[in-house]
Structures are given as C-alpha cells and as structure tokens.
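Down below is the structure, laid out as structure tokens.
Please read these numbers as outputs of a predicted model, since none were measured by experiment. Counting convention: from 1, in listed order, for ligands and their atoms alike. Hydrogens, waters and symmetry mates play no part in the numbers below; they use all other heavy atoms, side chains included.
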Amino acid sequence: MRTLVIIPTYNERENISSVLDRVLKIRDDVDILVIDDNSADGTGEYVRKLSEREKRVKLHTRPTKLGLGTAYIEGFRYAISEGYDYIFEMDADLSHNPNDIPRFLEGIKKADFIIGSRYSDGVSVVNWPMSRLLLSYFANMYARVVTGVPVRDMTSGYKCYRRKVVEALLKERIVSDGYSFQIETVFWAYRCKFKVKELPIIFIDRFEGSSKMSKRIVWEAFWVVWRLRFIRIMRRNVENKQGPVRDF
Ligand SMILES: Nc1nc2c(ncn2[C@@H]2O[C@H](COP(=O)(O)OP(=O)(O)OP(=O)(O)O)[C@@H](O)[C@H]2O)c(=O)[nH]1
Ligand SMILES: [Mg+2]
C-alpha cells in the first residue's frame, strides 16, 4: 500500500524541516507532497533542495497564494495520477503530530475516511487562546447543525482518505479555499455514503510562524455551509420523487 501525505505551505520555513523529517522517519512507505504558494521565506527552496536527495519528497510550486482548497485539489489529482492508496491532509505547522500517522493507517483498514478529531473525546486542543478555541468549537457546532452531518470536528485539517474517496471528491464541485474546504470534503464523503470515522487527536497550536486565518476565511465558511444545506434539500427532493429518501 502506498501513502501520500499532502502538506500545503505558505511561509512555514521555521516548521517545514522538522515536519518533513518527522514524517519521513515514521514509515518507509509514506511519501510527501508539499504544495507551496511561492513562500517568500524560502520554504519552497528548502523543500526543492531536500527533494533532490530524498525521492520520497515532492514539491509543487504555485505562482502566488491561491488558498488551501485549490492546493489540496492539486494534491488530490497528483495522488490519483500517481496511484496512491491512502492520502493524508496535514498542516505544516506541527499542530498535527506526525506520530499519529500509524494510528490513522490502522483506522483506515476498517473505514474509508478517517478524520483526526479535536472534539470527539471532549476537547483536545493545547495552547489555543480561549477566543480561538471558542471560534473553532462553535463554528463546528454551526456547521454540524446546518449541514446535518454528524461529525464533531468538521474543520479538522488532519485526515486520511482511501483513494476511492478522493476520486469521488474530485467529481464534486468544491468551492472553498479556507476551513470550509474541510467541511465540504466531509459533507461529500457522507453524501457518497463512505464509511467515515473520527479518530481522537491532540492538536497543539503552532509555536513558530503565523496563522493564515483571516476574516475572509471565516466569512466563507459561514456561507458555504448554507450552500451545502441547499444542495442537501434540493437533492433530497429529487430523491423523494424518484424513490425512497436515502438520508445520511
Ligand atoms: N499552499 C498554501 N498553503 C496554505 C495557504 N494558506 C494556509 N496554508 C497552509 O495550510 C496549513 C494550515 O494553515 P494555518 O495558518 O496553520 O491555519 P490553521 O491551522 O487552519 O489555523 P491556525 O489555528 O491559525 O494555525 C499550513 O501548513 C499553512 O502553511 C495557501 O493559501 N496556500
Ligand atoms: Mg495551524
């Protein structure tokens, strides 16, 4: 089985060397694809040099900051074209512990899609200011209620997909760039009836570099969940006329 860890980066020079080192050491059958948006701090340059001597590391560079959503879509296309079986999403800022990778790979044997969850076992977030935690916690609750998807951590960026799930996601119209990209992927995986499981993780806020969180990203998430709700209602009407409702 071949595994690809996709890591989008934008100005992560302080974190990138240790995150890559740690992922490479976890297992020999895990490759890494970094999607860098032309970071001014030399992140891409570091990865390019490493990729010359370490064949398990690949780099895609994009001309400018184009957002997390399109970075992952590009990574998904690469993973499918290269024939990977398991595909991870992971942040570069070490909030996601690379030591959890084996637990995900164990879990994916009995599921199609594993979400590393901060909220499935109480709250397992370390070092976030209360305001940031509340924003994330209530955004998740809001997304869950509006979309109707019974997942506790809908905005998690630490995930492992079976190839068939990524293939299905690439057929859907995913519109977001920020956190709501994560909500959309969970929504579509549910709609496509894949077996989704939440795996408790401990999320530690970044020590280095700065957050790319912005008002625009929060605003986008606010509206995107209503788009998903609308899709759910419209498709349910179609299903109603055609036969029994297959709800999730
Ligand atoms: N390629 C690319 N990567 C991005 C972009 N925006 C964010 N990233 C990366 O996506 C990952 C998550 O971004 P963060 O800024 O840590 O955002 P977050 O983890 O959702 O939020 P924080 O809690 O503030 O850390 C990091 O690896 C970033 O470098 C982008 O526009 N393009
Ligand atoms: Mg982060």
Side-chain angles (χ1 to χ4, degrees), residues 4-23 32-48 51 57-79 88-98 100 115-119 123-140 143 153-159 174-186 201-222 224:
L4 182 71
V5 177
I6 305 171
I7 306 182
T9 55
Y10 189 68
N11 291 341
E12 299 286 0
R13 183 64 191 87
E14 296 105 320
N15 296 309
I16 194 68
S17 53
S18 46
V19 73
L20 296 183
D21 261 15
R22 291 183 56 190
V23 175
I32 305 169
L33 170 66
V34 174
I35 313 267
D36 183 63
D37 280 359
N38 210 2
S39 302
D41 69 350
T43 304
E45 192 49 25
Y46 175 86
V47 181
R48 190 186 60 74
S51 67
V57 175
K58 302 276 182 284
L59 170 69
H60 284 190
T61 307
R62 305 195 299 171
T64 181
K65 188 172 186 323
L66 294 170
L68 196 74
T70 53
Y72 273 124
I73 298 289
E74 178 163 338
F76 287 171
R77 291 210 176 98
Y78 173 85
F88 275 83
E89 288 184 19
M90 184 192 267
D91 288 357
D93 58 4
L94 288 167
S95 291
H96 300 147
N97 188 345
D100 287 334
I115 302 169
S117 180
R118 297 162 290 186
Y119 306 122
V123 175
S124 51
V125 173
V126 179
N127 240 7
W128 256 357
M130 190 48 93
S131 55
R132 184 73 182 79
L133 178 62
L134 289 175
L135 173 68
S136 169
Y137 191 82
F138 285 106
N140 265 290
D153 194 346
M154 296 202 49
T155 55
S156 171
Y158 199 6
K159 294 166 164 171
I174 293 183
V175 295
S176 338
D177 275 338
Y179 293 109
S180 42
F181 171 80
Q182 308 297 3
I183 300 174
E184 285 190 283
T185 54
V186 175
I201 56 157
I202 295 176
F203 176 99
I204 302 176
D205 191 23
R206 58 162 79 242
F207 289 106
E208 305 291 343
S210 55
S211 170
K212 280 90 208 171
M213 171 81 160
S214 65
K215 282 205 186 105
R216 199 189 72 83
I217 284 174
V218 176
W219 199 232
E220 177 187 62
F222 185 83
V224 161

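- Between Ile35 and Thr70, the closest side-chain pair of non-hydrogen atoms is not below 4.5 Å.
- The ring pair (Phe, Tyr, Trp, His ring centres under 6.0 Å) search around Phe88 returns Phe104, not counting sequence neighbours.
- Contact check on Arg216 versus Asp177 returns a salt bridge, with a Lys/Arg side-chain nitrogen under 4.0 Å from an Asp/Glu carboxylate oxygen.
- Between Leu135 and Val218 the shortest heavy-atom distance is CD2-CG2, 4.3 Å.
- Of all the heavy atoms in Gly69 and Phe181, the pair that sits closest is CA-CD1, 3.6 Å.
- Residues Glu89 and Tyr158 have side chains not in contact (no heavy-atom distance under 4.5 Å, counting atoms from C-beta outward).
- Using a cut-off of 4.0 Å between Lys/Arg side-chain N and Asp/Glu carboxylate O, Arg206 and Asp93 are scored as salt-bridged.
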Contacts table for ligand 1: protein N or O within a distance under 3.5 Å of ligand N or O, distances only.
unit_1   : atom_1 : unit_2 : atom_2 : d
ligand 1 : 1 (N)  : Thr9   : O      : 3.2
ligand 1 : 1 (N)  : Ile35  : O      : 3.0
ligand 1 : 1 (N)  : Asp37  : OD1    : 3.4
ligand 1 : 1 (N)  : Asp37  : OD2    : 3.4
ligand 1 : 3 (N)  : Thr9   : N      : 3.4
ligand 1 : 6 (N)  : Lys65  : NZ     : 3.4
ligand 1 : 15 (O) : Arg206 : NH2    : 3.2
ligand 1 : 15 (O) : Lys212 : N      : 2.7
ligand 1 : 16 (O) : Asp93  : OD2    : 2.7
ligand 1 : 16 (O) : Arg206 : NH2    : 2.8
ligand 1 : 19 (O) : Asp91  : OD2    : 3.0
ligand 1 : 20 (O) : Tyr179 : OH     : 3.2
ligand 1 : 21 (O) : Arg132 : NH2    : 3.4
ligand 1 : 21 (O) : Tyr179 : OH     : 3.1
ligand 1 : 23 (O) : Arg132 : NH2    : 3.0
ligand 1 : 24 (O) : Ser211 : OG     : 2.2
ligand 1 : 25 (O) : Asp93  : OD2    : 3.4
ligand 1 : 27 (O) : Pro8   : O      : 2.8
ligand 1 : 27 (O) : Ala92  : N      : 2.8
ligand 1 : 29 (O) : Tyr10  : N      : 3.0
ligand 1 : 29 (O) : Glu12  : OE2    : 2.6
ligand 1 : 31 (O) : Lys65  : NZ     : 2.9
ligand 1 : 31 (O) : Gly67  : N      : 3.0
ligand 1 : 32 (N) : Asp37  : OD2    : 2.7

Without placing hydrogens or testing angles, list every side-chain donor-acceptor pair under 3.5 Å for residues 123-131, not counting sequence neighbours.
unit_1 : atom_1 : unit_2 : atom_2 : d
Ser124 : OG     : Arg118 : O      : 3.2
Ser124 : OG     : Ile201 : O      : 2.5
Trp128 : NE1    : Asp205 : OD1    : 3.3

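- Counting only protein atoms, the N, O or S atoms lying less than 2.8 Å from the Mg ion (ligand 2) are Asp93 OD2, ordered by chain and residue number.
- In this structure, Arg77 does not pair ionically with Glu74, as no charged nitrogen and carboxylate oxygen lie closer than 4.0 Å.
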